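Just so it is clear, the structure is predicted and the values come from calculations on it, not from any experiment. Indexing begins at 1, ligand by ligand and atom by atom, following the structure's order.
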Amino acid sequence: MEKKHWNRRELLKSLGVTAAAAPLAASGPFKGMSSEVSPVKEILPYPLKRDRKPGRPVTAIVVGAGSRGWGAYSSYGLKYPDELQIVGVAEPIPYRRERMAKAFNIPEKHQFITWEHVFELPKFADAIIVTTPDDLHYGPAMAGLELGYDLLLEKVIAQTWKECNDILQLTEEKNAIVAVCHVLRYSPYYRKLKEIADSGAIGQVVSVQHLEPVERIHMSHSFVRGNWGNSLKSNPMILSKSCHDTDILRWVIGKPSQRVSSFGSLTLFREEMAPEGSTDRCTGGCAVEDSCPYSALKIYLEKRTWLQHLTLEEVNKETILRELKNGPYGRCVYRCDNDVVDHQISNFEFEGGITVAFSMEALTHYGGRRTRIFGTEGDLMGDERTLTITNAITGKQELWDASKASKDSSGHGGGDHGLVHDFVRAVDAKDPSLLTSTIQVSMESHLMGFQAEASRLDGGKIREINL
Ligand SMILES: NC(=O)c1ccc[n+]([C@@H]2O[C@H](COP(=O)([O-])OP(=O)(O)OC[C@H]3O[C@@H](n4cnc5c(N)ncnc54)[C@H](O)[C@@H]3O)[C@@H](O)[C@H]2O)c1
């Protein structure tokens with residue numbers, strides 16, 4: 001999400017409304033209505049306060065100390081050591097393992113090179129934080145549950161529907177707390193979106209149009225060169241990127257999704273599209289490197305963006321160049337082993353005839369999901385920063401702004417720490433009702449993804465979604 005804090009004039013302008021025009025003239029879309037725009041209201045951060053603090057710090061072992069394990073979740077323990085302590089780490093890349101061990105004073109006997117070693121010891125913490133790559137969720141999740149650990153489990157739960165069900169079954173057998181990292185549910189913006197939909201402010205929800213604009217460079221980094229480019233090694237795009245979307249849609253609508261039809265393909269990032277004179281690597285004397293928007297030299301060396309997934313014990317020109325010459329992120333975007341789609345549309349029908357048109361578009365110059373919800377008494381528009389509710393009867397508009405709440409908090413608009421906040425309380429109290437994204441409620445939105453992908457591979461044939 002963009003971190004800019006907007007003033008009211010900028011916000012109204014972005015919504016196509018000038019400050020001077022509020023209350024709006026009775027023209028345009030509100031012709032004949034006495035329409036009016038209320039003052040912009042600020043969406044407050046979540047968690048509001050650290051209430052119901054655990055009686056003692058919850059202890060956890062991080063399995064996979066990369067971008068999420070370190071930056072998104074362990075950072076909560078650094079900020080609030082009275083709530084979360086990391087007492088073990090499994091990570092094959094030495095500097096990542098050592099960074100965690102040093103920050104939390106982890107004894108050598110609890111530092112492991114790979115996740116399997118953690119489970120050779122008797123249980124020594126409350127929970128496992130599973131932040132390994134997608135194809136390494138199932139192993140540590142099952143082994144952890146078997147030994148009686150609770151789990152903070154990164155999405156996607158697992159690579160197949162059967163594996164997801166195995167994890168669910170063992171969770172229930174062991175009476176474990178398993179939080180799936182659907183972090184958007186914990187962000188102030190999405191909490192407000194759901195609150196508005198639930199409040200009846202736009203009447204009964206009839207339909208939804210939802211766009212996930214991935215942004216070109218993000219696409220090239222994560223879903224072409226990076227960990228999520230190949231569906232066999234990770235998951236199809238509708239799960240690896242869009243399980244957040246199916247989850248938010250399911251959560252906000254509050255009813256089961258029953259059918260799906262989906263189309264999509266990979267158009268741009270294929271060898272056939274490679275410009276003449278391009279080479280296997282951007283560092284290999286590529287004739288078009290200078291004009292290529294996906295030049296690894298520009299993205300990683302010049303702009304120093306997206307470095308969190310490169311193996312860099314120190315960030316400097318030499319280490320970045322070494323990675324670009326040898327590692328996955330220096331590869332030409334037209335010559336990778338990627339197969340995930342760069343555009344996909346999925347139509348879902350929910351109970352009660354509610355329709356959802358969902359688009360994932362990689363080739364955008366902007367990010368930030370756009371959601372429009374249409375109800376019997378009004379509609380709602382949102383862009384992950386602002387929300388506008390329009391009452392169909394009075395034409396009155398209510399504006400909400402989450403930019404301050406997002407700016408002041410952790411990643412995913414505050415959702416990363418919001419999730420850990422609720423997780424430690426749920427583990428301490430052994431009460432899954434303190435979480436909004438248990439594995440039990442996350443299964444359905446995963447099934448939406450599995451069935452959408454099955455439909456896409458089957459030429460868009462309708463698939464039923466039956467839990
Ligand atoms: N919830 C979200 O919004 C969100 C966002 C991004 C990624 N993710 C998910 O989080 C997970 C991790 O993603 P990331 O961005 O942190 O990736 P990452 O590559 O930065 O981190 C994964 C770490 O796991 C380590 N690892 C590999 N094999 C291992 C093994 N055998 N034992 C222990 N550790 C091992 C890697 O060395 C790496 O450091 C993925 O499943 C990804 O899909 C979720």
Inset, instruction - Would you mind telling me which of W306, F269, Y329 makes a ring-ring contact (aromatic ring centres under 6.0 Å, His included) with Y294? - result: F269
Inset, instruction - Can you spot which of S445, C164, S442 makes a side-chain contact (heavy atoms from CB on, under 4.5 Å) with V180? - result: S442
Enumerate, one pair per line, all nitrogen or oxygen atoms of ligand 1 lying under 3.5 Å from a protein nitrogen or oxygen, stating the separation to 0.1 Å; write 'none' if no such pair exists.
{"from": "ligand 1", "atom 1": "1 (N)", "to": "E154", "atom 2": "OE1", "distance (Å)": "2.9"}
{"from": "ligand 1", "atom 1": "1 (N)", "to": "E154", "atom 2": "OE2", "distance (Å)": "3.4"}
{"from": "ligand 1", "atom 1": "1 (N)", "to": "C181", "atom 2": "O", "distance (Å)": "3.0"}
{"from": "ligand 1", "atom 1": "3 (O)", "to": "H244", "atom 2": "NE2", "distance (Å)": "2.8"}
{"from": "ligand 1", "atom 1": "3 (O)", "to": "H412", "atom 2": "NE2", "distance (Å)": "3.2"}
{"from": "ligand 1", "atom 1": "15 (O)", "to": "H309", "atom 2": "NE2", "distance (Å)": "2.8"}
{"from": "ligand 1", "atom 1": "16 (O)", "to": "S67", "atom 2": "N", "distance (Å)": "3.3"}
{"from": "ligand 1", "atom 1": "16 (O)", "to": "R68", "atom 2": "N", "distance (Å)": "2.8"}
{"from": "ligand 1", "atom 1": "19 (O)", "to": "N227", "atom 2": "ND2", "distance (Å)": "3.2"}
{"from": "ligand 1", "atom 1": "20 (O)", "to": "S67", "atom 2": "N", "distance (Å)": "2.8"}
{"from": "ligand 1", "atom 1": "31 (N)", "to": "T114", "atom 2": "OG1", "distance (Å)": "2.9"}
{"from": "ligand 1", "atom 1": "32 (N)", "to": "W115", "atom 2": "N", "distance (Å)": "3.1"}
{"from": "ligand 1", "atom 1": "37 (O)", "to": "E91", "atom 2": "OE2", "distance (Å)": "2.7"}
{"from": "ligand 1", "atom 1": "39 (O)", "to": "E91", "atom 2": "OE1", "distance (Å)": "2.7"}
{"from": "ligand 1", "atom 1": "39 (O)", "to": "E91", "atom 2": "OE2", "distance (Å)": "3.2"}
{"from": "ligand 1", "atom 1": "39 (O)", "to": "R96", "atom 2": "NH1", "distance (Å)": "2.8"}
{"from": "ligand 1", "atom 1": "41 (O)", "to": "T132", "atom 2": "O", "distance (Å)": "3.2"}
{"from": "ligand 1", "atom 1": "41 (O)", "to": "D134", "atom 2": "OD1", "distance (Å)": "2.5"}
{"from": "ligand 1", "atom 1": "41 (O)", "to": "H137", "atom 2": "NE2", "distance (Å)": "2.7"}
{"from": "ligand 1", "atom 1": "43 (O)", "to": "D134", "atom 2": "OD1", "distance (Å)": "2.7"}
{"from": "ligand 1", "atom 1": "43 (O)", "to": "K155", "atom 2": "O", "distance (Å)": "3.4"}
{"from": "ligand 1", "atom 1": "43 (O)", "to": "W228", "atom 2": "NE1", "distance (Å)": "3.0"}

Inset, instruction - Using side chain to side chain contact (heavy atoms under 4.5 Å, CB included) as the criterion, list what pairs up with Y366, not counting sequence neighbours. - result: L211, P213, T364, R370
Legend entry - Within 6.0 angstrom of K303 NZ, more than 12 heavy atoms from elsewhere: no
Legend entry - Backbone N/O of D166 and side chain of Y138: donor-acceptor pair under 3.5 Å: no
Inset, instruction - Please answer whether the main-chain N or O of V340 pairs with a side-chain N or O of N338 as donor and acceptor at a distance below 3.5 Å. - result: no
